[in-house]
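Note on naming: letters A, B, ... go to the chains in the order of the sequence lines (proteins, then strands), and numbering restarts at 1 for each one. Every heavy atom of this structure was used, including side-chain atoms; hydrogens, water molecules and symmetry mates were not. Because the structure is predicted, anything quoted here is derived from the model rather than measured.
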Number of protein chains: 2
Amino acid sequence: MSSTIYDIAKKANVGIGTVSRVLNKHASVSKKTRKRVLQVISRLNYKPHPYAIGLARQRTNSILFTIPFFATFFFLEILRGIQKRLSDLDVSIILLGINHPDQIAETLRHNIHRHRVDGIVLCSMKIPDQLASNKLFKKIPMVLVDTYHKEFDSIAVNNVQGGYTATKHLLDLGHTKIAMLNANLRSVPAKDRFKGYQMAMIDAHKSLNEQLIQKTKSEYLDGFTRESGYEMMKELLKYGSERPTAVFAASDIQAYGALAAIAEMGLRCPKDIALIGFDDLELSGPLGLTSMLQPMSEMGTLTIDRLLERMNNHDLPLYHKTFEPTLIVRRTTLPLGKIIKSV
Amino acid sequence: MSSTIYDIAKKANVGIGTVSRVLNKHASVSKKTRKRVLQVISRLNYKPHPYAIGLARQRTNSILFTIPFFATFFFLEILRGIQKRLSDLDVSIILLGINHPDQIAETLRHNIHRHRVDGIVLCSMKIPDQLASNKLFKKIPMVLVDTYHKEFDSIAVNNVQGGYTATKHLLDLGHTKIAMLNANLRSVPAKDRFKGYQMAMIDAHKSLNEQLIQKTKSEYLDGFTRESGYEMMKELLKYGSERPTAVFAASDIQAYGALAAIAEMGLRCPKDIALIGFDDLELSGPLGLTSMLQPMSEMGTLTIDRLLERMNNHDLPLYHKTFEPTLIVRRTTLPLGKIIKSV
DNA sequence: TTTTTATTTGGAAGCGCTTCCAAATAATCC
DNA sequence: GGATTATTTGGAAGCGCTTCCAAATAAAAA
């Protein structure tokens, strides 16, 4: 049906080797023949068969994009950055959601063999040392995103700093009873943001009140869900007059749930409770939620650049890049007195 | 590096044909040899090379998932349904965003050749007759989602009915000055929802006030954006006391923008203005937005089922399925007097 | 037992490319 | 001019599978 390299060779009166050389921009083809071949190629609207290339070159031109569970906004943004970079390169992405952290090594191994990927992007999951020492993972190029291990390239956000900045922002507004709505601590970002919260509180000589530190009960998505935020906020509001005056949510999506819980009790942000999230999702603007911005799309493109470099040269020195999140102040943490009308 | 079918054949003392037959569950292999081969396969942790299979079978096991522009929530939900169905089948999805409707035919043609996909899913775009009559598209299995053309299989939502139901809901609440915030009419769903609006108004013997019918000025995403909804709502609010008492937005995302515009003017939903959206996105619950629910994930799985069937048998009769959207009533259209506290 | 028929098996050819080596051609030097 | 070297070219072999046909084996019939 489609034309092949043989058709091109015949029509252009050259050998298949020459056609291949033209396609791959090898130097040793005379200008004249190159032009002739290119003409035939465009006349027949010829496109090389990606699988044949993959088979012959012993590469699949595909990478494994691995995330915990399935699509949340954060990963979609990263993915968008990755796709932007990859669309020119004929590299395809195989999406892999990992259900349980214990299965990382086994699931990865299985999919590496099954899809014969050339490289791996691994998001937000703690890397067990046992995995790092496995020879299979020494051989295949891998870049970590939003997590860290000393033996692999990594692109991350400084979540500790972000947690610190967020908490500091609340402290600066004069709050002292500051609660945190956290996610499951097996999630690296959750743990780090919590660490930042603790550090900021300690630096400000505030006591860490266990009552104000909410832990998610949900397994699903590591607790990075609206429902989880809603539940935890409900808990905090049960304290009545003892309730916190400010809340740091480990993610915007949880903050959305918290907003709903607050509104349901007839309370207002920031008059009754100040609220800050993390991620700066698209809807945080319209909702007026203060948040910590992460350059997710940029992280995605950088990830691919790095992975491609490593695929080309396996012996590159390790690379670790950390982005600093930026505080975006909106209605939910306006200083009292400056409050504008809310939705 | 990885083992091949030859390695398996040698270790199991059979020919490569037999190994292939075992892998593909062909009948004519004796139980004894089958067992022996399977043992070797699992001992060597052998996985067939997907590209070699694709090359030999003359299929790529991939489909093209085509959407206008890039990822909005609606497509993500459809995609989720599709992935659920496809994960078992070793079929991969190539995502393709089309920037301008005029380019559909050309972009599709280019990508069909380039990726050699086995099938196509095409979302929400009007199919030019010129495309339908093209022989390339007669040959390759294709399923339309959220749009219709008599010569292709299609899975759609009854947007006319949805628009009608939404408008009727507002009419039943006693509103007479009902505005519509629309998207670009080249979008099939936008046009149909508008048609439903018109029909409901006419059936209720209400006049169609041109002033109350807002058309998007935005090209981006066909105007299915928060910004567009915000702008259009602003326009409506300029009418002062002449402003509508109820608004039907062509999508939830536009309704979110409208909500912001309403709040900004110090008005409240539903006290001052009742509002209904379309899509029932995840955040419409927490925001209390009344909306029309579409079974998107279900549409996705059905789409794939249908596409696979057609890939297996090209001569199947045409199939058209229409889902009815469901009205989900929330705060923004509560009858006056029943209003609960808002965010 | 021998023939006939049904079941199982082996492996060559082919899918569309890349890559390598040897051969053909062109350019340079004496 | 011929000898030498550099550039360009053709195409066989191989990537890991499927598929088909012919051959081997087993089962059934005579």
Please report the distance, rounded to the nearest Å, between [atom1] in [X] and [atom2] in [N].
| X | N | atom1 | atom2 | answer |
| --- | --- | --- | --- | --- |
| Lys10(A) | dG16(C) | NZ | P | 13 Å |
| Leu55(B) | dA13(C) | CG | P | 18 Å |
| Lys31(A) | dA26(C) | NZ | C1' | 17 Å |
| Arg21(B) | dG10(C) | CZ | P | 8 Å |
| Ile5(B) | dT19(D) | CD1 | P | 11 Å |
| Leu23(B) | dG16(D) | CG | C1' | 12 Å |
| Ile16(A) | dA13(D) | CD1 | P | 12 Å |
| His26(B) | dT7(C) | NE2 | C1' | 15 Å |

Polar contact flag, side-chain donor to acceptor under 3.5 angstrom, Asn24(B)-Arg57(B):
yes
Compute whether any side-chain donor of one residue and acceptor of the other, for Asn45(B) and His110(A), lie under 3.5 angstrom apart.
no
When you measure only distances, ignoring hydrogens and angles, does the side chain of Arg116(A) come within 3.5 Å of the base of dG16(D) through a donor and an acceptor?
no
Which part of the nucleic acid does [X] contact within heavy-atom distance under 4.0 Å: base, sugar-phosphate only, or nothing?
| X | answer |
| --- | --- |
| Ile53(B) | sugar-phosphate |
| Tyr51(A) | nothing |
| Ser20(B) | base |
| Asn13(A) | sugar-phosphate |
| Ser30(B) | sugar-phosphate |

Looking only at the side chain of [X] (C-beta and beyond, no hydrogens), which of the listed nucleotides [options] gets closest?
| X | options | result |
| --- | --- | --- |
| Arg57(A) | dT9(D), dT18(C), dG11(C) | dT18(C) |
| Thr33(A) | dG10(D), dT8(D), dG16(D) | dT8(D) |
| Thr18(B) | dT9(C), dG16(D), dG16(C) | dT9(C) |
| Val29(B) | dC17(D), dC15(D), dT9(C) | dT9(C) |

Compare side-chain N and O positions of Tyr6(A) against OP1 and OP2 of dT18(C) and report whether any pair is under 4.0 Å apart.
no
Establish, for the pair Lys321(B) and Phe323(B), whether the NZ or CZ atom is under 6.0 angstrom from the six-membered ring centre and no further than 45 degrees off its axis.
yes
So Ser124(A) and Thr147(A), side-chain contact (heavy atoms from CB on, under 4.5 Å) or not? Walk me through it.
CA-CA 5 Å; Ser124(A) 302; Thr147(A) 176; 5.6 Å; no
Enumerate the salt bridge (charged side-chain N to carboxylate O under 4.0 Å, His left out) contacts for residues 143-155 of chain B, please, sequence neighbours excluded, ordered by first and then second residue.
Lys138(B)-Glu151(B), Asp153(B)-Arg306(B), Asp153(B)-Arg310(B)
